[in-house]
Amino acid sequence: MKKQSIFQIMRDQELRSGRSYDLGKMNLKELWVAYLTHGTILLYFGLILACIVGIYCTFTGWIPILSSTIVMIFGFPLIWYIIHRWIMHATFLYQIKWTASLWKRIHFDHHQDPHLLNVLFGSPLNTIPTILIVGGGIGLVVGGIPGAFAAIGTAIYMACFYEFFHCIQHLGYKPKSQYVLRIKQLHIMHHFHFEKGNYGITNYFWDRVFGTFYADAKSRPRSPTVFNMGYDIKEAERYPWVMLKTGSPPRDRPEGSNFREQKKSSTQQEQKAA
């Protein structure tokens, strides 16, 4: 495979066009370009700057700022775990006509096609209000208005951090870092082996606390709903709104869904790239 410089990649019309593309077929340089030029990430960067301005304009001391920032850094993994497990993987959202589209966008599409970048990123229409309410509320309690700006900015930064490593976990390459390799393996099992566990992205502490952590595929039975999260044909007949929005029935076992096949395919890609 011919190596490209970062500038050659940036001239790639397909990457710059905003078209959907498969993370499983991209390399790390292409990911950096796609990530740093993606509209969602650019919006997040702009909001972080706005929070810095907000801190400056309401500054009353460093204690409220630092306290809110620290609370959010340690609280974000728990907030993510709660949202991922009890909202994104909840069945009640697709059972209600008015929330079916929301559930489809925030997680169903991602499990149906785990390597598609455009549905991997959370929709700003959903993530930003959540961060403003949850992050802003926590910051307001801890450090007042300056603390709210600090907590919101920190939460958005953490979201950017999570999104990048989430992309890495679906990227078709083997990380050199043992830590990154390990979290990649754990997340891939969530998508290709058993979806009711390993809800973390970079941090699996809360999975261990709540008993949803598993270290290898032998630790859990293979899930028949790993790609549809329980929204199978029978459920689609009862609650058709997601299927109507998708335009096709839910996929139970797409091509290449076998975890071992996925691992083998990834290894072959790495060997070709070497």
* Report the C-alpha separation of T225 and D232 in whole Å, then their side-chain angles, then the decisive distance to 0.1 Å, and conclude whether the side chain to side chain contact (heavy atoms under 4.5 Å, CB included) test is met. => CA-CA 8 Å; T225 59; D232 55 18; 5.6 Å; no

* CA sep, side-chain torsions, deciding dist, call: S101, W241, side chain to side chain contact (heavy atoms under 4.5 Å, CB included) -> CA-CA 7 Å; S101 294; W241 303 293; over 6 Å; no

* **Full working for ring-ring contact (aromatic ring centres under 6.0 Å, His included) between F205 and Y81** => CA-CA 10 Å; F205 172 79; Y81 181 91; over 10 Å; no

* Using the side chain to side chain contact (heavy atoms under 4.5 Å, CB included) rule, take F121 and Y35 through it: C-alpha gap first, then chi angles, then the decisive distance, then the call. => CA-CA 10 Å; F121 285 151; Y35 178 84; 3.8 Å; yes

* Passes side chain to side chain contact (heavy atoms under 4.5 Å, CB included), I183 versus N203? Steps please. -> CA-CA 8 Å; I183 62 172; N203 185 312; over 6 Å; no

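No donor-acceptor distance shorter than 3.5 angstrom exists from the side chain of T212 to the backbone of G197, with no hydrogens or angles considered. Proximity of a side-chain donor or acceptor of E30 to a complementary backbone N or O of N27 within less than 3.5 Å is detected. Counting only distance, with no hydrogens or angles, the side chain of E163 and the backbone of G122 share a donor-acceptor pair below 3.5 Å. Here the side chain of K184 pairs a donor or acceptor atom with the backbone of I168 at under 3.5 angstrom. Using modelled atom types, one side-chain atom of H170 and one backbone atom of P114 make a donor-acceptor pair closer than 3.5 Å.
Between F108 and Y94, the distance from one ring center to the other does not fall under 6.0 angstrom.
Scanning all heavy atoms of the two residues, the minimum distance from W103 to M229 falls at CZ2-CE, 3.5 Å. Heavy atoms only, all atoms of each residue included: G211 and R220 are closest at O-NH2, 3.6 Å. In terms of heavy-atom proximity, P129 sits nearest to P124 at CD-O, 3.5 Å. Scanning both residues, C51 and G153, for their nearest heavy atoms gives SG-N, 3.5 Å. When all heavy atoms of A215 and L186 are compared, the closest pair comes out as O-CD2, 4.1 Å. When all heavy atoms of N198 and D207 are compared, the closest pair comes out as N-OD1, 3.2 Å.
With a 6.0 Å radius and a threshold of 12 heavy atoms from other residues, nucleotides or ligands, L36 has its CG atom above the threshold. Counting non-hydrogen atoms of other residues, nucleotides and ligands closer than 6.0 Å to OH of Y204 gives a total above 12. Within 6.0 Å of atom CH2 in W86, more than 12 heavy atoms from other residues, nucleotides or ligands are found, so the atom counts as buried in its surroundings.
H111 is not listed as a side-chain neighbour of N228, based on a closest heavy-atom distance of 4.5 Å or more. In this structure the side chain of I188 never reaches within 4.5 angstrom of the side chain of Q185, judged on heavy atoms. Using a 4.5 Å heavy-atom threshold, the side chains of S123 and T127 count as separate. Proximity of H107 to H89: side-chain heavy atoms (C-beta onward) are separated by under 4.5 Å at one or more points. Counting heavy atoms from C-beta on, the side chains of F149 and V53 never come closer than 4.5 Å. L120 places none of its side-chain heavy atoms less than 4.5 Å from the side chain of L116. V226 places none of its side-chain heavy atoms less than 4.5 Å from the side chain of F192. Using a 4.5 Å heavy-atom cutoff, the side chains of F164 and L31 are in contact.
A distance of 12.0 Å separates OG1 in T154 from CZ in F74, rounded to the nearest 0.5 Å. In this structure, the separation between CD1 on I82 and CD1 on I87 is 8.5 Å, given to the nearest 0.5 Å. Atom NE2 in H187 sits 12.5 Å away from atom OH in Y199 (nearest 0.5 Å). Here L23 contributes atom CG and C167 contributes atom SG; the two are 5.0 Å apart, rounded to the nearest 0.5 Å. To the nearest 0.5 Å, atoms CZ (R251) and CZ (F227) are separated by 8.5 Å. In this structure, NE2 on H38 lies 7.5 Å from CD1 on I41, to the nearest 0.5 angstrom.
Y56 and I145 fall into different hydrophobic clusters, where Ile, Leu, Val, Met, Phe, Trp and Tyr side chains are chained together by heavy-atom contacts under 4.5 Å. Hydrophobic clustering keeps L66 apart from I63 (ILVMFWY residues linked when any side-chain heavy atoms are closer than 4.5 Å, directly or through intermediates). Hydrophobic clustering (ILVMFWY, side-chain heavy atoms < 4.5 Å, transitive): L117 and L43 are in one cluster. V242 and I233 are members of different hydrophobic clusters when ILVMFWY side chains are connected at heavy-atom separations under 4.5 Å. Cluster membership check: W206 does not share its hydrophobic cluster with F194, using side-chain heavy-atom separations under 4.5 Å among Ile, Leu, Val, Met, Phe, Trp and Tyr.
For the 3.5 Å distance criterion, the side chains of T91 and Y231 fail to qualify, holding no donor opposite an acceptor. Using modelled atom types and a 3.5 Å distance limit, the side chains of S248 and T246 yield no donor-acceptor pair. Side-chain atoms of D216 and S219 include a donor-acceptor pair closer than 3.5 Å. Looking at H115 and H191, their side chains never bring a donor and an acceptor atom within 3.5 Å of each other.
Using a 4.0 Å cut-off between charged nitrogen and carboxylate oxygen, K234 and E237 do not count as a salt-bridge pair.
Tested against H166, the residues H84, H190, H110 include a single ring pair (Phe, Tyr, Trp, His ring centres under 6.0 Å) partner, H110.
Cation-pi geometry between R208 and F213 is satisfied (NZ or CZ under 6.0 Å from the ring centre, within 45° of the ring normal).
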